[in-house]
Amino acid sequence: MAIPLIIDTDPGVDDAFAIALAARSPEVELKGLTTVFGNVGLDLTTANALRLLAHLGRTDVPVVRGFEGPGGAADVHGEDGLGGQALTLPENPKGVHGEDPVRFFADNLTPDTMVAAIGPLTNIAAALEAGIEFPRLIVMGGGLGIGNMTVRAEFNFWADAAAARTVIRRGNPIVVPLNLTQQCIADTEFLANVDPVLSNLTGTYREYLARHSEQNLSGREEGILVHDAVAVAEAIVPGTLSLRVHGLDIDDEGALVGGKHQVEVAEDCDWPALRAFMEQRLSV
Ligand code: BDR
Ligand code: CA
């Protein structure tokens, strides 16, 4: 039986790869996308989620518009969040399904539902504050002693530090941090072999990473860091990532710091094997 999966997302180029990976993996049944501000503002992340589903032939998947905030990574993902190529994706005739992610989680979480949160954690924290419990929550975010927004803060946690703190303290998440994802580069060969519509979204992001080589810990020269797809892979095939419990908290800047909250952190993976898995699933 396929595992029900909801993705909370701010597409975003690596979000697009993560959503496509889930949509093309029979191990999971994509039950919905909840959108949040992040890489760009909420109108664009929501529009991008809808168009990506239309491209993937999955207009059956509901899109729920979540919380707004200051969108902040146009230099990484392009002004439209998808490398200036969002309008190359087809329109989705369905439009948004609703505007209340907390209600959507309340109505749709079953005891075996996985939620992968791959943007700022505003929707997830609001649900926790409303008393919702996530049976299994996987979060892409944070860095142990490293950051990509400040020296110590990663973008998703930095964008809503209070929400990140709520999730670390009360959400019982698996955290997939930069320390792992900055080693997972989808190189130019990978991008040449997968769905060309997805590869076509990556230009701005590739150029950004070429200018910021300190964010690429892979040893490979060029490509994109597929942060969010690494986290979603753990939802698709649990055990893909090696986990270890750390005592953690979040400071006011949104940095992961040592603390008393016991949190599972993804520390390692067999990247060549995971890269091959993604390449196979994302080929058309
Ligand atoms: C995270 O921030 C965003 O820019 C990416 O989509 C990813 O979720 C990486 O720090
Ligand atoms: Ca993201």
Side-chain angles (χ1 to χ4, degrees), residues 9-18 21 37-40 45 70-85 116-121 138-161 164 175-191 194 198-199 201-234 241-242 246 248 250-251 253-257 265-272 274-275 278-279:
T9 179
D10 63 333
V13 177
D14 57 324
D15 301 74
F17 279 70
L21 188 64
F37 79 96
N39 289 316
V40 285
T45 60
D75 54 334
V76 186
H77 296 265
E79 293 294 334
D80 67 357
L82 293 176
Q85 302 298 312
I118 56 175
L121 291 163
I138 301 175
V139 169
M140 190 281 131
L144 297 169
I146 60 174
N148 59 2
M149 280 309 290
T150 73
V151 173
R152 295 178 322 122
E154 179 278 336
F155 178 77
N156 289 340
F157 285 11
W158 170 90
D160 190 342
V175 168
V176 183
L178 287 178
N179 309 67
L180 176 58
T181 64
Q182 287 187 336
Q183 299 182 45
C184 299
I185 198 157
D187 55 23
T188 45
E189 188 191 338
F190 176 100
L191 294 173
V194 300
L198 293 178
S199 295
L201 308 176
T202 64
T204 308
Y205 189 24
R206 285 207 317 265
E207 287 161 19
Y208 172 86
L209 287 170
R211 291 195 305 275
H212 291 270
S213 55
E214 78 285 355
Q215 291 189 20
N216 176 3
L217 305 178
S218 74
R220 288 176 180 265
E221 284 189 357
E222 214 202 322
I224 63 163
L225 294 168
V226 282
H227 308 282
D228 293 340
V230 175
V232 166
E234 176 65 19
L241 310 181
S242 310
H246 288 249
L248 295 173
I250 300 282
D251 74 7
E253 189 193 32
L256 260 184
V257 291
V265 177
E267 290 196 332
D268 200 8
C269 70
D270 178 347
W271 173 242
L274 179 52
R275 177 193 176 286
M278 289 185 187
E279 187 175 308

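Just so it is clear, the structure is predicted and the values come from calculations on it, not from any experiment. This chain uses plain numbering: 1 for the first residue, then up along the sequence.
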Has the side chain of D228 got a donor or acceptor atom that lies under 3.5 Å from a matching backbone atom of F17?
no
Can any side-chain N or O of N216 pair as donor or acceptor with the backbone N or O of L209 at less than 3.5 Å?
no
Between D10 (side chain only) and V40 (backbone N and O only), is there a donor and an acceptor less than 3.5 Å apart?
no
Mind checking side-chain contact (heavy atoms from CB on, under 4.5 Å) for Q183 and listing every partner two or more places apart, or none if nothing turns up?
L217
Which heavy atom of V175 sits nearest a heavy atom of P177, and at what distance?
O-CD, 3.4 Å
As a test of understanding, state which of D14, L82, L191 forms a side chain to side chain contact (heavy atoms under 4.5 Å, CB included) with T202.
L191
Carboxylate-amine/guanidinium proximity below 4.0 Å for E207 and R211
no
Derivation and outcome, side chain to side chain contact (heavy atoms under 4.5 Å, CB included), residues H246 and E267
CA-CA 10 Å; H246 288 249; E267 290 196 332; 2.7 Å; yes
Worked check of side chain to side chain contact (heavy atoms under 4.5 Å, CB included) between F157 and M149
CA-CA 10 Å; F157 285 11; M149 280 309 290; over 6 Å; no
Evaluate side chain to side chain contact (heavy atoms under 4.5 Å, CB included) for Q182 paired with I146, printing each intermediate quantity in order.
CA-CA 10 Å; Q182 287 187 336; I146 60 174; 3.7 Å; yes
Measure the shortest side-chain to side-chain distance between M140 and V230 over non-hydrogen atoms and say whether it is less than 4.5 angstrom.
no
Contacts of D270 that satisfy side-chain contact (heavy atoms from CB on, under 4.5 Å) - sequence neighbours left out:
P272, A273
Side chain to side chain contact (heavy atoms under 4.5 Å, CB included) between L144 and L256, intermediate numbers included
CA-CA 6 Å; L144 297 169; L256 260 184; 4.1 Å; yes
Check: R275 and D187 side chains under 4.5 Å, non-hydrogen atoms
yes
Between Y205 and H77, how do the two ring planes meet: parallel, tilted or perpendicular, split at 30° and 60°?
parallel
Side chain to side chain, R152 and V257, heavy atoms closer than 4.5 Å:
yes
Distance from T150 atom OG1 to E253 atom CD, nearest 0.5 Å?
3.5 Å
With side chains defined as the heavy atoms from C-beta onward, is the minimum distance between D15 and N39 less than 4.5 Å?
yes
